[in-house]
2 protein chains.
Amino acid sequence: MTVTLREVAAAAGVSIKTVSNVINGYAHISARTREAVEKAVADLGYQPNLSARGLRSGRTGAIGLVIPDLKNPYFAELAGSVMRAASQHGLAVFVEQTGGDRAQELAVLASPRMRMADGILFSVTGLDQADAATVAFPVTTVLLGERIFGAGADHVTMKNVEAARAATEHLIELGRSRIVALGARPHEVSGSAGLRLRGYREALEAAGIPFRDELVVDATPWHRADGARAVRELLAAGTGFDAVFAFNDTLAFGAMRALGDAGLGVPRDVAIIGFDDVDEARYSMPALTSIDPGRDEIAETAVRLLAARIGGDSTEPFVLHEAAFRIVTRESTGG
Amino acid sequence: MTVTLREVAAAAGVSIKTVSNVINGYAHISARTREAVEKAVADLGYQPNLSARGLRSGRTGAIGLVIPDLKNPYFAELAGSVMRAASQHGLAVFVEQTGGDRAQELAVLASPRMRMADGILFSVTGLDQADAATVAFPVTTVLLGERIFGAGADHVTMKNVEAARAATEHLIELGRSRIVALGARPHEVSGSAGLRLRGYREALEAAGIPFRDELVVDATPWHRADGARAVRELLAAGTGFDAVFAFNDTLAFGAMRALGDAGLGVPRDVAIIGFDDVDEARYSMPALTSIDPGRDEIAETAVRLLAARIGGDSTEPFVLHEAAFRIVTRESTGG
DNA sequence: GCGGGCGATTGCAACGTTGTAGACTCCCGA
DNA sequence: TCGGGAGTCTACAACGTTGCAATCGCCCGC
């Protein structure tokens, strides 16, 4: 039923290997032979068996994308960007969700399914720096995110500290001084939360604004409900604030929801800036000012690096690429 | 470097085939042998070569998911559900985006990458019923969506007509009678838009409310911006309405945005119901009443049907499964 | 005691492809 | 005329796995 090289070869009157050569673009083939083979391929509808090719060549033509959750719009949009970039390189992408859980991340790395990929893009959210030395990547890996550094892999990330500082400065420039850092994690130093909090502190210090513990609030795991809940608790506790720097957009949407419920106006009473610039930020009410962390640049760079490693540059030193960010100003900060 | 059956066999002091048997759960193995093999597997960290297995067995252990766009939250959430369901069956999922474009859908089906899958879940949005007879699926296929019927494949879809009718009735029960059908497509009969419009008409007729052309508005391709634009145009044209049945949630969010800009209250002036019940519906302001079309049921059923076909039930007649829906009432209809 | 059957294990071949090495032809320059 | 190189094509083996059929030993029932 399925057509193999053998049958194409028979139809074209050449050897199997010649058909293989034509298909793989080998240079020294006469025009006559090439035409005959191409005709036979077209007539029979031949398509290569990728398992056989993979077995022989050691390459599958697929890469894995390991992310926490597609329900999270940031990762869904990142996945879309990765797929577009991968298809430019002729690579298929298969996706594994980890739920952002350390145990599941390790399980996915150890899973035999990963062997279906020539390499993986691994967006770390469960492992942390302590794992960097011990974690074993089953195949060539490019790391995404801010949880692990120096783990012996190329790494693409965003300018978290600089972007967070710029976001906070943006709020300060509006004249706000009681700025909530929404989504901080008290004991995290590296990781998105730690880095963004650092940028926040830097901006406050530079502006001479006192850092207040009660304005730094945890809202794990950064879902809408967490943002809403945290803001409700702040309001209930009577903590005064006039701006929110949400560590991602989803938290920001939740925060806006809670503020709206409380009858507070955005940006009149509270200005809000998010982080990620997901599609929804353009259409929320009010439209959300956010940090565009350079998602397409991240995806394209990561795929390019991975494809290069797979292609054989195994001796190149590991690269750490930080994508450029920009502030996208919208209504939630009075833009 | 990579460990093969040969080395495990040597370490365990048995034949290659015995190792293979242990790994594949063959029944008649002595406890002693099984333990020895399992120890060798663990010691050496053996993992099967999936290309070789695929070549030999004709199965890759992966399925393809063909969808328009991960940026669309409905499809992102569907993809997440599909992956959870697939991993229950031990299947990897790779995703292809088509942009909802007919030419790209055909291109993806013809792509050699599809041969990496034992089967595909194909969410059709570009092809239409006229293609049903001619389209050739490269591998076992389960269709999703409402564009094509009777194309010689299992098919999982939702109760569009019934759900749309229920949505419209819900608005009517609130006392609304000038209900916009947002996202209709004038010349579509089957397809989501056609079916949902039919349910809308049925509900109006049953309630004795006249059908008005000016309340049926196109908003292709159902993005937030399209919903916002369509509502702005309605308002600008002075068309009076007191409710909106948006054919998906994204349109509904856009519509709410435009209404808010115009100073109209939801649900006070205009009640809104959406369709899809994406995560965001719970957190929009106001929270959006929506139709939950049974996404998990769709994903689980589709994966189960596909896995069964792959497993060999090639003679079973094709199934058309319609998932159950329910209305999730929230603030946008005064819940 | 013997044949039959079953449990446990194995060798062989094959899946479809590509890397390696080599065969063959033709043409050019010495 | 002949050697050598470039161009074209091919045979063979191998990638790591599993299906098939066979082998071997043991126990059971007659």
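Every chain is numbered from 1, with letters handed out A, B, ... down the list of sequences.
The shortest distance between side-chain heavy atoms of A:F318 and A:R309 falls below 4.5 Å.
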For this session: Decide side chain to side chain contact (heavy atoms under 4.5 Å, CB included) for B:F75 and B:L70; before the verdict, give the C-alpha distance in whole Å, the side-chain angles of both, and the deciding distance to 0.1 Å.
Result: CA-CA 6 Å; B:F75 288 108; B:L70 277 172; 5.5 Å; no
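The interatomic distance linking A:H28 (NE2) with C:dG19 (P) rounds to 15 Å, in whole Å. When rounded to the nearest whole Å, the span between CZ of B:R34 and C1' of C:dA8 equals 11 Å. When rounded to the nearest whole Å, the span between CZ of A:R32 and C1' of D:dT8 equals 12 Å. The separation between B:Y26 atom OH and D:dA21 atom C1' is 11 Å, rounded to whole Å.
The backbone N or O of A:T4 sits less than 3.5 Å from a side-chain atom of A:E7, completing a donor-acceptor pair. For A:E77 (side chain) and A:D279 (main-chain N/O), a donor-acceptor pair under 3.5 Å exists by modelled atom type. At least one donor-acceptor pair under 3.5 Å links the side chain of B:D118 to the backbone N or O of B:G61. Side chain of B:R295 to main chain of B:D276: a donor-acceptor pair is present (N/O by atom type, distance under 3.5 Å, no hydrogens or angles). Of the possible donor and acceptor atoms, one in the side chain of B:R147 sits under 3.5 Å from a partner among the backbone N and O of B:L127. Although no hydrogens or angles enter the test, the distance criterion places no donor-acceptor pair under 3.5 Å between the side chain of A:T60 and the main chain of A:G54. Side chain of A:H155 to backbone of A:E146: no donor-acceptor contact under 3.5 angstrom is found.
Donor-acceptor pairing under 3.5 Å is recorded for the side chains of A:E105 and A:T125.
Applying the 4.0 Å criterion to OP1 and OP2 of C:dG7, one finds that B:S30 has every side-chain N and O outside that range. For the pair B:S20 and D:dT18, the criterion of a side-chain N or O lying under 4.0 Å from OP1 or OP2 is met.
Remark: nothing in residues 109-119 of chain A comes within less than 4.0 Å of DNA chain D through any heavy atom.
Recorded end-axis angle for the helix from C:dG1-D:dC30 to C:dA30-D:dT1 stands at 50°, based on five pairs per end and rounded to 10 degrees.
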Exercise. How would nucleotides 10-16 of chain D be written as a contact map, 5' to 3', with B for base contact, S for sugar-phosphate-only contact and - for no contact, using protein heavy atoms under 4.0 Å?
Worked result: BB-BBBB
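Test B:L78, B:T301, B:I67, B:T157 against B:L144 for side chain to side chain contact (heavy atoms under 4.5 Å, CB included) and you get one pass: B:L78.
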